[in-house]
Amino acid sequence: MRISFLLACLFAVGAGAQESLDALIDGEIGSLVATYKMLHAAPELSLHEQKTSAFFAAQLRGMGYAVTERVGKFDRPGQVGYGVVAVMNNGGGPTVLARTDLDALPVEEKTGLPYASTVRTTNDAGQEVGVMHACGHDIHITTMLGVARVMAALKNQWRGTLVLIGQPAEETVGGARAMLQDGLYTRFPRPDYALALHDSPEYAAGQVACVPGYAMASADSVDIKIRGVGGHGSKPEAAKDPIVVAAEVVMALQTIVSRENSPLDPAVITVGSIHGGTRYNIIPDEVNLQLTVRAYRDEVRRKLLGGIERVTKGIALAAGIPADRAPIVRVSETETTPATYNDPALTERLRGVFVQALGRENVLTGSPLMGSEDFGLFSLDHRIPSTMFWLGASDPAKLKESRDTGKPLPYLHSALFAPVPEPTLRTGVKAMASAVLELMRK
Ligand SMILES: [Zn+2]
Ligand SMILES: [Zn+2]
């Protein structure tokens, strides 16, 4: 009798908390949708998030957060970091970090939406490009503002320190590292948990998807310069042809994945760019390759990178290229990010929270991807439990049609990517606020 009374009280508390969260979101959703459309029409490229970060910071300051702007130290001289850190102290308790990214992509929007971006700018290479929030980081920013407001309004329900961050340069995977290098965990409270969400057209608006364990791959950019000895195209015996060596290298690199790596460990080596030579009858001096390398486990990542250097140099040696012309293999120190590993215990804990907030039918298990994110860096090599979940962004009817016909919906980075604003934002705020409240509940 007493137990059932206690259970009834507990359920009443749970339901009451959900109701107050729903009521708060109802009150905010109109202005959140307006904010989203405003941000969508005003995207900024990675490393240029000046106005977006200023807007994000001003909004958070207005809600009572202690806000620091321009957090982010990049290696490039003179580069301003447009990171934002907003802290709300609410007594002793856990520190929870939630992150949104701020940047958009050099994509010319073709959605035809009334709030579509018409922004054009000059990129760092001097080319004129269209700019679009084609990855939906505007959904993330707006969701974070909704979460910030909810948490400020429900201050009597939680304790601890909430750290909300706006990260620049996610698309170029430099922003997370730049914020950490600028003292994110020393100038500001170091979190006990780190959370993020990412919108996805693969799930319906109203749904979220969790991926326990490895969710996204590490990414490394590798440059290979194959040097030969140039000469006349009619006289190969007097030259060392780097094009033939490059061709062999491209094919042999795939055997690192298929023959040296366990088939149970996901790995990708893609040669995305190859350039050499100027015309028909000249054997050039060099060929340049650009690669992307993906893996989950760090051991596999290191094995792939080591294999690329060994295979490339070995093929050049076999071709008789002199030692002083050996290939130069350079692994980028800036275009690198570890895998996104969702702490399984934390992910399962939040799954339970999402089920309560959204209903069991709206909480799915997602598949891991070989795409990459720099959110994983905030976990400091898995030392800080962290998780990123997918936020459905597609019209359920269109998603069903796409599944029935087999015709995929426009994916992230597409000029046609168009999240459905209202239900996506509502679900994002509810899921993320419920997650944060779970970790900080009084
Ligand atoms: Zn993206
Ligand atoms: Zn993204």
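Read the numbers this way: they start at 1 and go in the same order the structure lists the ligands and their atoms.
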For [Y], is there an ion pair with [X] - N to carboxylate O distance below 4.0 angstrom?
{"X": "E348", "Y": "R351", "result": "yes"}
{"X": "D374", "Y": "R99", "result": "yes"}
{"X": "E333", "Y": "R177", "result": "no"}

List the atom pairs, with distances to 0.1 Å, where a side-chain N or O of residues 81-90 and a protein N or O form a donor-acceptor pair under 3.5 Å, not counting sequence neighbours.
| from | atom 1 | to | atom 2 | distance (Å) |
| --- | --- | --- | --- | --- |
| N89 | OD1 | T161 | OG1 | 3.0 |
| N90 | ND2 | K155 | O | 2.9 |
| N90 | ND2 | W158 | O | 2.7 |

Would you give me the side-chain donor-acceptor pairs under 3.5 Å for residues 197-205, sequence neighbours excluded?
| from | atom 1 | to | atom 2 | distance (Å) |
| --- | --- | --- | --- | --- |
| D199 | OD1 | H140 | NE2 | 3.3 |
| S200 | OG | E202 | N | 3.0 |

**Prompt:** Under 2.8 Å from the Zn ion (ligand 1), which protein atoms of type N, O or S occur, listed by chain and number?
**Reply:**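 Within the sphere that stays under 2.8 Å of the Zn ion (ligand 1), the protein atoms of type N, O or S are C135 SG, E171 OE1, E171 OE2, H413 NE2.
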**Item:** A148: partners by side-chain contact (heavy atoms from CB on, under 4.5 Å), with sequence neighbours left out
**Value:**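 Per chain and number, A148 pairs via side-chain contact (heavy atoms from CB on, under 4.5 Å) with L60, M63, Y65, L164.
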